[in-house]
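Notes for the one structure printed next.
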Amino acid sequence: MLIAADTAVDVAEASGGRFGSDPMALFEDWAGFTSWADTIEPGSGSTYERSSLTCPVPAPGQIFAIGINYGDHGSEVAMEVPDDPMVFTKFPSAVAGPFDDIPLVPGNCDWEVELVVVIGRTARDIDLDDAAAHIAGFAVGQDLSERTCQLAGAYPQFSLAKSHANFAPIGPEIVTLDELDDPWDLEIRCDRNDTTEQLSRTSMLIHDVPSIITYLSSTCELRAGDLIFTGTPSGVGLGRVPPDYLVPGDVLTSTIEGVGAIVNRCI
Ligand code: ZN
């Protein structure tokens, strides 16, 4: 679906079959898709139920995630801020929709609201000043983490501990950068039930989005449809004294200014 204003257009139908109904196929020709989308009048579609939205990138080829990328989060979890981005993965089978439930697993499950970058063009060695052109858009994400497994051994298990079923909900849709007044400075927050746990701005990222793209693409080919979780600000449960973790029934509302909100209930 293409969403403009308060209505949505069925892409396969409105494009007369030029684009299909599989969202992943759109990334193959994201430039063609966005120019076609520009021809659609806002409000020309039909109304739709927000809660019916499913994962906008259901099968990403690669998911990159950046650790300790807001200074205040580094200090709360007593981890030093790295000179280069600290990179791990969330395995693609962890992705979930914007309103899906999160099954908690044994251990200590924690929240991390994050700005998620969706890559729109396949490339390696992307220059800093060309990085934004490789972005399809932004989404809101939660980097759910099970801290016991993550931190138990001599070597941290970031990737495994953050890849349980539905530990990577994203959405509610992909917002293209032209929809945002200043895409590099957006309020980011996480509410648990009625309490605001995290509140910051994406301008506080240590390694900003273009730098992350340049850094990752100097090693890996970034492919259209890949995701990058860009890091979380302070306010996670691990940083509390004593630590405070998710329990069944908690509802996480993760919001980024101009990008939207995802709502996930822990079960
Ligand atoms: Zn994270």
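Whatever order the structure lists ligands and atoms in, that order sets their numbers, starting from 1. Every value quoted in this text rests on a predicted model; they were computed, and no experiment measured them.
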Kindly give the atom name of the N, O or S atom of E112 closest to the Zn ion (ligand 1). OE1
Looking at E114, the N/O/S atom that lies nearest to the Zn ion (ligand 1) is called OE2
Distance under 6.0 Å and angle within 45° of ring axis: K90 vs F229: yes
Side chains of E197 and W111 in contact at under 4.5 Å (non-hydrogen atoms): yes
Does A161 offer a backbone N or O that forms a donor-acceptor pair with the side chain of E146 under 3.5 Å? no
Here the N/O/S atom of D143 closest to the Zn ion (ligand 1) would be OD2
Quick one: does any side-chain atom of Q142 pair with a main-chain N or O of E114 as donor and acceptor, under 3.5 Å? no
